[in-house]
Every structure is written in structure tokens, then in C-alpha cells.
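Throughout, numbering of the chain's residues begins at 1 and tracks the sequence.
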Amino acid sequence: MNKENHTPFVSVKDVAMWYPYHGKRQQKGEKDWIKAVDGVSIEIEHGEILGVIGESGCGKSTLGKILTRLENPTRGDCLIDGVSTKEMIKKDAKKFRSTVQIVFQNPFDTFTPRDTIEKILLRPLKNYSIGTDNEDRRRICIEALEAGGLRPAEDILKRFPHELSGGQLQRISIIRSMFLNPGFIVADEPVSMLDVSVRADIINMLIELSKSKDAAVMFISHDIALTRYISDNIAVMYLGRIVEYGSADEVVKSPMHPYTQALISNCASIDPEDKQETISIEGEPPTPLNPGPGCYFAPRCYMACEECYKRYPEPVVSKTGHWAACARIGENGK
């Protein structure tokens, strides 16, 4: 494949989401901004699962909302198959919503509590003219529920959301999103509110649907071990920026950025024989209010030097395409 002429299925180009700050100004005469996302560029291919990890408040969910156009970016653009999502929405919003779907964190907030599961599932099928009539659409629902391990499907259809578990509702949420055969799915912390016993089933369901439908998936999580399991590639976010990107195995096994190294050292290892020293991160994540001008992680970094506070570092790229934005790569053996 000629990469120069290749168009990625999902392309994010220098996206930023800045919110005006209405509190007390830090500097007189200058407008303050909360930079939730600050210049993110990534690519996702058909059938690829990209994991996005980082601490709470790093901008992961905001990035997901930008990609699904629940938020319009302050700067930059997102493209699906080379076409701007902004233009897609203008031209045919209905088609865009069938192409791009989102699975939210809390399945109990996803559905109208007054509707039965049958009514909830039939609605998108009717809206998008899937199935010949209601009987055919009901058959589609039953087959999808059965395939998703929700049995007996006839009984599930009669129930209301509050009568089902979080795991069952999240499966139904994923099934509903796949009715429209989306090319791209954003899964925003889809298992964080579920019992550990059902998480694997939901994750395996996402993997299977991605591969069988050749759909691109952005999997947003703070769980590094889980993200490594599900993802082909991983992007690490800190304070609105991606600080490291590479294959899931490379990022987890050989992290380049001090922030990634600290995150991984503080999570339970997948390999029980892997003994690594814990790296402490001092203090709480700083506010995204006017960060910079240097490396955003510098105030908490165990390797920071004077240069780190002066300018934001350029990415250092390895031969495999694994990269990190850090001025001190190579000084700690990475």
C-alpha cells in the first residue's frame, strides 16, 4: 500500500476544544481558555481498535464527543473516508448518525425508562427503513438479542430498562448501535460501571463486532490492562494532548514518555512475574486553564529539567512508528 496516497478511514487533524473561562482572569487584558483538547491528530483504519487512555479530565471523552459531532471543535476537523464530518452533517445528518455511533459509559442513562426494550430497538429500524414491516423488524431484534447472548429474546423485548442489569443494557446499547452498520464507533468507558464478571463479555462483543463488520473503534478508558487487551494501537492523553502513540504492546511494554511509564508502573501488571518499580506522580493533574508554554506534564514529571518548561516538545518517532512527545527520551533507557 502506498501510504502517500492512502486515505485513513478516520482522520483527526489538529483538533482543539477550548471553552471560555468566566472566572477571575489570570492576566489582565487577556482572555482565559480551558483547553479540554489542544491540538490532537490521529488516524484510525477500518477494523482497527484505537485505545485512548489517561487520567480523568485529560480530554478523552471530549475528544470522543468531537468525533461524533456532539461537540463542534474550536479548531481543526475530523474526516471520515476523507470527508469532513462537518460537511457530512450539513449534507445528510441522518446518514452521518448511521455511519458514526457512540456507546456511553452509563447504560442506565442510554434508554428512555418508559419504553420497553422492543420499542427502543424498533425505533432506529423504523427511522432508517430497516426491515420490510414491524414483524420483520421484530425478527431482526430477536436474532440480534439471541446472537448477543440475551436469552430468551422474547422475554427481554417485553422488559423495561430498569428490569435489566447494567451488563444486559450495555449489550443492548451495542446491538442497537450496530443495527445501522456504522463504520466508526466511539466506546466511552463502556464497561467502567459494570461488574467485573460481565466486563469480558462486553469487551469480546465489541472486538467481534469490530472485526466482523470491519468497523473502526475508539475505545476510551482509564484501565490500561483492559485497553491493551482490546486495542490494536494506544494513544496516551495528558491535559488535552496526545503524549504517546504506538501499537498496544509497544506502548505497554516499552513506554517512552515519563507519564506513560508512571501510569503503567502504578497499574496491576498483566504478567504476574513482571516486577517493576512504581513511579510516583506528584500532585493532582493541573487545570487545563491556559496550560504551557512548556511540556504540560513538566510540573509533575520526575525527569523534568529547565528546558521542559520553556517549549512544548516535538514528537520523537521510533522505526516502528511508536512516538512520544518528550525532550528527554533516551535519558532513562527508553
(Q) Among Val15, Asp14, Ile242, which residue satisfies the side-chain contact (heavy atoms from CB on, under 4.5 Å) criterion with Ser41? (A) Asp14

Q | Thr260 and Ile234, any side-chain heavy atoms less than 4.5 Å apart | A | no

(Q) Taking side-chain contact (heavy atoms from CB on, under 4.5 Å) as the criterion, tell me which of Thr85, Leu63, Val12, Ile66 meets it with Pro73. (A) Ile66

Q. Under a 4.5 Å side-chain heavy-atom rule over Ile, Leu, Val, Met, Phe, Trp and Tyr, are Leu79 and Ile89 clustered together?
A. no

Q: Mark yes or no for whether Lys94, through its side chain, and Asn127, through its backbone, hold a donor-acceptor pair below 3.5 Å.
A: yes

Q: Using atom types as modelled and distance alone, determine if a side-chain donor or acceptor of Arg151 lies under 3.5 Å from a backbone N or O of Glu146.
A: yes

Q: Spell out, yes or no, whether Val191 and Val198 are grouped together once hydrophobic residues are joined by side-chain heavy atoms under 4.5 Å, including indirect joins.
A: yes

Q. Do Phe160 and Ile172 belong together in a cluster built from hydrophobic side chains that touch within less than 4.5 Å?
A. no

Q) Would a hydrophobic clustering, with Ile, Leu, Val, Met, Phe, Trp and Tyr connected at side-chain separations under 4.5 Å, put Val186 with Met88? A) yes

Q) Could you go step by step and tell me if Thr112 and Lys119 meet the side chain to side chain contact (heavy atoms under 4.5 Å, CB included) rule? A) CA-CA 10 Å; Thr112 308; Lys119 196 169 183 180; over 6 Å; no

Q) Are Val52 and Cys58 side-chain neighbours, meaning at least one heavy-atom pair lies under 4.5 Å? A) no

Q: Quick one: do Tyr302 and Ile279 satisfy side chain to side chain contact (heavy atoms under 4.5 Å, CB included)? Show the steps, please.
A: CA-CA 8 Å; Tyr302 65 98; Ile279 302 171; 3.6 Å; yes

(Q) Working to the nearest 0.5 angstrom, can you tell me the gap between Leu206 CG and Ile49 CD1? (A) 7.0 Å

Q: Check whether any side-chain heavy atom of Leu67 sits under 4.5 Å from a side-chain heavy atom of Val100, and report yes or no.
A: no

Q: Spell out, as yes or no, whether a donor-acceptor pair under 3.5 Å connects the side chain of Gln170 to the backbone of Pro190.
A: yes

Q: Output the distance between atom NZ (Lys213) and atom CD1 (Ile185), rounded to the nearest 0.5 Å.
A: 10.0 Å

Q. Is there a chain of hydrophobic side chains (I, L, V, M, F, W, Y, each step under 4.5 Å between heavy atoms) that links Met193 to Phe111?
A. no

Q) Judged by atom type as modelled, is there a donor-acceptor pair below 3.5 Å linking the side chain of Arg159 to the main-chain atoms of Ile117? A) no

Q | Test item: Lys86 side-chain N/O and Cys78 main-chain N/O as donor-acceptor pair under 3.5 Å | A | no

(Q) Quick check: do Cys141 and Glu118 have side-chain heavy atoms less than 4.5 Å from each other? (A) no

Q) Okay, side chain of Lys211, backbone of Gly47: is any donor-acceptor separation there less than 3.5 Å? A) yes

Q: In plain terms, say whether Glu154 and Arg138 are close enough for a salt bridge, that is, a side-chain N and a carboxylate O under 4.0 Å apart.
A: yes

Q. Would you call Glu87-Lys91 a salt bridge at under 4.0 Å N-O?
A. no

Q: Provide the closest heavy-atom pair for Ile220 versus Gly64 in the form atom of the first, atom of the second, distance.
A: CD1-CA, 4.1 Å

(Q) Let's go through Gln261 and Glu244 carefully: what are the C-alpha distance in whole Å and the side-chain angles of both, what is the deciding distance for side chain to side chain contact (heavy atoms under 4.5 Å, CB included) to 0.1 Å, and is it a yes or a no? (A) CA-CA 10 Å; Gln261 292 166 19; Glu244 183 160 358; over 6 Å; no

(Q) Could you check whether any side-chain N or O of Arg97 sits under 3.5 Å from a backbone N or O of Thr68, counting only pairs where one atom can act as donor and the other as acceptor? (A) yes

**Q.** Value rounded to 0.5 Å, distance of CD1 in Ile224 from OG in Ser231
**A.** 11.5 Å

Q. Are Arg171 and Asp201 within salt-bridge range, i.e. N to O under 4.0 Å?
A. yes

Q: Supply the atom-to-atom distance Arg137 CZ to Ile130 CD1, rounded to the nearest 0.5 angstrom.
A: 9.0 Å

Q) Is Asp38 salt-bridged to Arg241, going by a charged N under 4.0 Å from an acidic O? A) yes

Q: Flag yes if more than 12 heavy atoms outside Lys95 fall under 6.0 Å of its NZ atom; otherwise flag no.
A: no

Q. Any side-chain heavy atom of Glu48 sitting closer than 4.5 Å to one from Phe9?
A. no

Q. Which heavy atom of Pro182 sits nearest a heavy atom of Gln101, and at what distance?
A. CB-CG, 3.8 Å

Q.
Under 3.5 Å, is there a donor on one side chain and an acceptor on the other for Glu43 and His6?
A. no

Q) Is any side-chain heavy atom of Ile42 closer than 4.5 Å to a side-chain heavy atom of Met218? A) yes

Q | Side chain proximity check, Asp136 to Arg139, heavy atoms < 4.5 angstrom | A | yes

Q: Decide yes or no on side chain to side chain contact (heavy atoms under 4.5 Å, CB included) for Leu145 and Leu121, but give the supporting numbers first.
A: CA-CA 10 Å; Leu145 290 173; Leu121 290 180; 4.1 Å; yes

Q. Which class fits the ring pair Trp33 and Trp18: parallel under 30°, tilted 30 to 60°, perpendicular over 60°?
A. tilted

Q. Which atoms form the tightest heavy-atom contact between Tyr21 and Ile34, and what is the distance?
A. CD1-CD1, 3.9 Å

Q.
Which label fits Tyr238 and Phe297: parallel for a plane angle under 30°, tilted from 30 to 60°, or perpendicular past 60°?
A. perpendicular

Q.
Checking the side chain of Ser210 only, and the main-chain atoms of Ala215 only, is there a donor and an acceptor separated by less than 3.5 Å?
A. yes

Q) So which heavy atom on Pro107 is nearest to which on Leu194, and how close? A) CG-CD2, 4.2 Å

Q) What heavy-atom pair brings Pro161 and Leu169 nearest, and what distance separates the two atoms? A) O-CD1, 3.6 Å

Q) Is a side-chain donor or acceptor of Tyr309 paired with a backbone partner of Ala298 at a separation under 3.5 angstrom? A) yes

Q: Spell out, as yes or no, whether a donor-acceptor pair under 3.5 Å connects the side chain of Thr227 to the backbone of Asp223.
A: yes

Q: Decide yes or no for Tyr296 and Val243: does some side-chain heavy atom of the first lie under 4.5 Å from some side-chain heavy atom of the second?
A: no

Q | Distance (rounded to the nearest 0.5 Å) between Met303 CE and Arg328 CZ | A | 4.5 Å

Q: Might you point out which heavy atoms bring Asn233 and Ser247 nearest each other, and give the distance in Å?
A: OD1-CA, 3.2 Å

Q: Rounded to the nearest 0.5 Å, what's the gap from CE on Met256 to CD1 on Ile329? Could you check?
A: 4.0 Å

